[in-house]
There are 2 protein chains.
Amino acid sequence: MPAVLKCEYAVRGEIVTLAQALQEELKSKPGSHSFDEILYCNIGNPQSLGQQPITFFREVLALCDHPSILDKSETRSLFSADAIKRARKILDQIPGRATGAYSHSQGIKGLRDTIAAGIEARDGFPADPNDIFLTDGASPAVHLMMQLLIRSEKDGILCPIPQYPLYSASIALRGGTLATGWGLEVSELKKQWADAKSKGITPRALVVINPGNPTGQVLAEKNQKEIVDFCKKEGLVLLADEVYQETVYVPEKKFHSFKKVARSMGYGEKDISVVSTHSVSKGYYGECGKRGGYMEVTGFVPEIREQIYKLASVNLCSNISGQILSSLVMSPPKVGDESYESFSAEKDGILSSLARRAKTLEDAFNTLEGVTCNKTGAMYLFPRVRLPEKAIKAAEAAKTTPDNFYCRRLLNATGIVFVPGSGFRQAPGTWHFRCTILPQEYKIPTVVSRLTEFHKSFMEEFRE
Amino acid sequence: MPAVLKCEYAVRGEIVTLAQALQEELKSKPGSHSFDEILYCNIGNPQSLGQQPITFFREVLALCDHPSILDKSETRSLFSADAIKRARKILDQIPGRATGAYSHSQGIKGLRDTIAAGIEARDGFPADPNDIFLTDGASPAVHLMMQLLIRSEKDGILCPIPQYPLYSASIALRGGTLATGWGLEVSELKKQWADAKSKGITPRALVVINPGNPTGQVLAEKNQKEIVDFCKKEGLVLLADEVYQETVYVPEKKFHSFKKVARSMGYGEKDISVVSTHSVSKGYYGECGKRGGYMEVTGFVPEIREQIYKLASVNLCSNISGQILSSLVMSPPKVGDESYESFSAEKDGILSSLARRAKTLEDAFNTLEGVTCNKTGAMYLFPRVRLPEKAIKAAEAAKTTPDNFYCRRLLNATGIVFVPGSGFRQAPGTWHFRCTILPQEYKIPTVVSRLTEFHKSFMEEFRE
């Protein structure tokens, strides 16, 4: 319970609660505010903002839910042929074709085979289905690893800042120590590590989110190699959060999994422990509500692997629809499949729209006084805002942080919901907010114009 | 990690691992054993053993997965009219009709309304949708409550024995103390409580599984009232595991929720904290793989409720298909609906078959030398077996417990998988095993004959 009190989760925190209250007010008293809708830019939840699911994936899920229609002639006119074929294949992989049964605690073996093959195709290095643990989204994988790694408050997890609050919350709940430092340069990581050691903390693992959340940065391969070497040298488990692997919007950057980087350096199972998490919630699919995901666990001795299995088995198994969807995102329709063209059109449509939205918002932020914003992968922008002294004082008087003060004012004036940078931690004296690129494309101009107008009047109000 | 090592989970433990190895052997070398299949009686996983899902539920799930077929004429011939209607209603309850979006952390409000209405109809007392937290099966609800209740190893959770290992595992993982005692008579509970206090432990909650797991017992209302009074007097949270509420096989027993019992005694929100967990995994539906469930949380002050909400929000939300299914099991087809007759036939078919299987197995156990077995609800029998001294010595020599020794021999000789009573804890010097009633009905005679034959030869072998 002290651990529970310590835990904080900004993505669903104060600003979001206020936004929900405003939404209720707009519903019960239309016209009560100067805006007519809440513009949610706070959470990576694409389908809540109108993004449509990928048809092929949903066809397969529906058929696996209700297999008794597979042989009906009407089904052939309602569903694509390859979706029917895929559903049959998946059902054959499930013992007793029972989509309503608990599976193996790691997930259905045949689906893990498919996922391992997808990882191999992506990385060019072997992947073992026995290393895959299917999970209800990526969060349970993070909690499981924290449960495993943290023995007491003397154990530390290195989380370069800014970080995603899932990690700080999970570490707090397990009673461990969050060891922080600024950014992912190895010189910074070394400082962070030495700082933890000097406080009597044993660093056990390093968390790297790539592409990043909240920053959206995509790591250069050189930086990844240095991180791998650092983890290998210090015996740190590398917790690689790779849920944004399919969303990189700048042609000069490319996603490389940390396992691939380690293998390409010649490091095998005995050299380094890497846990890669992935999820069906992000990417072009954005299936947050399905709670599907997996972790690939490599480089652990059998005794530890057994403990990981035991922890997975305490929750019996992850949900089967999420398991199926995880296998689909790692093995989508291929050239020649009936659905391939429509699938590609849906996928490319979503990804190119996201790229345009990212660019429009980035440009808009960079025109605002005192605001700087970097290019992005993932689903987020993390602009830095230099606030006037008078605004900082006003925040102090209102007993809150300057970034929270700004976000609250923004919300009340425009209906736009950002998450204050404090929720992710930020370098001392700097202020940021996280803004998703997910509102529907036709709403982006509204976000930009309302934000721009608000920002101008905010800066005027607090100008010294 | 010490907590992880301490955690044990017998339902997926040694005997099950051995069974899986035997199954592989039977596949790769047919005829390598005296039996040709493994008869799983170890886990409450009905659909893995051939139980068919309820058609109406799966129709609605499939339509919610792929709503774009709702308006097609072929859909009207493939799906029942009320399933189509229900899917439309559910989609209308979901903001943006987005089944692929994260929901409110407690679950979709409209579905919680339906569940609350179902609880009200069941109990005859009001239920508040804001008290409902939808979860991925019942396990996460248990973990969440343990996380909340346990502050240190000085906090104890009273778990009358035998208990389900989810509870001991969850308490161990949270670093709390499992306070045990024998059975649910209030005199026993008082002893258990006093014993914990004398060791410096603060009892925080009492776990009651009703109908019981592993025993299958259905509590008498009088006993429930005494338990409520005891919890009220000692300020204990009553953790009521009510996942077996739909499976009571004896006409003279009836399920009463603990909240209903408390309310019928005139106790309201301020008098007692009751957490009732339910799941889509059990009952006549047996949808384990869907990972749906909920907890109804009553009698907590707002500050604690806020912490419960925070913990729920760290995992964002439970899977939407599971949420939908939870609403369906609490609001199945009604008289007059197109599906009502076929639904009732499926439901009654499953429940009456389960009742026959329970009776056949119970009778069989009671004819075995030294074995006694009580009538049952839930999905389990928990026969007690009086083993010969020589068998107990042989177990000791084999460095295992007598019940484990028996179950291992049974498995190797017959392919039948029971869970040794040790996994649930048992009164000192007594030995049990848990046997599910879930193998398909036509297989029950095989279970009975193989078990009977084995038991006779086992008793002969170890007769003094």
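Naming convention: chains lettered A, B, ... in sequence-line order (proteins, then strands); numbering from 1 in each chain.
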Taking the side chain as every heavy atom from C-beta outward, state whether B:Arg291 and A:Ser318 have any pair of such atoms under 4.5 Å apart.
no
For the pair B:Phe57 and B:Tyr284, name the ring-plane relationship: parallel under 30°, tilted 30 to 60°, perpendicular over 60°.
tilted
Heavy-atom pair count under 4.5 Å with chain B, highest-scoring of A:Leu78, A:Ile320, A:Asp136:
A:Leu78
So which residue, A:His66, A:Gln20, A:Gln52, ends up with the most heavy-atom pairs under 4.5 Å with chain B?
A:His66
Ring centres of A:His104 and A:Tyr309 under 6.0 Å apart?
yes
Residue B:Thr75 versus chain A: region with a heavy atom under 4.5 Å
both
Distance-only, no hydrogens or angles: does the A:Ser170 side chain make a donor-acceptor pair with backbone N or O of A:Tyr167 under 3.5 Å?
no
Top contributor to chain A contacts, counting heavy-atom pairs under 4.5 Å, from B:Thr99, B:Val142, B:Leu63
B:Thr99
Closer than 4.0 angstrom, basic N to acidic O: yes or no for B:Lys443 and B:Glu37?
yes
Turns out that what part of A:Phe79 lies under 4.5 Å from chain B's heavy atoms comes down to side chain
Can we say B:Lys72 and A:Glu74 salt-bridge, meaning some charged N sits less than 4.0 Å from an Asp/Glu carboxylate O?
no
Can you say whether A:Ser68 sits under 4.5 Å from chain B via the side chain, the backbone, both, or neither, judging by heavy atoms?
neither
Max heavy-atom pairs within cutoff under 4.5 Å with chain B, candidates A:Lys290, A:Gln323, A:Glu306, goes to A:Lys290
As an exercise: rank A:Leu49, A:Thr55, A:Leu61 by heavy-atom pairs under 4.5 Å with chain B and give me the winner.
A:Leu61
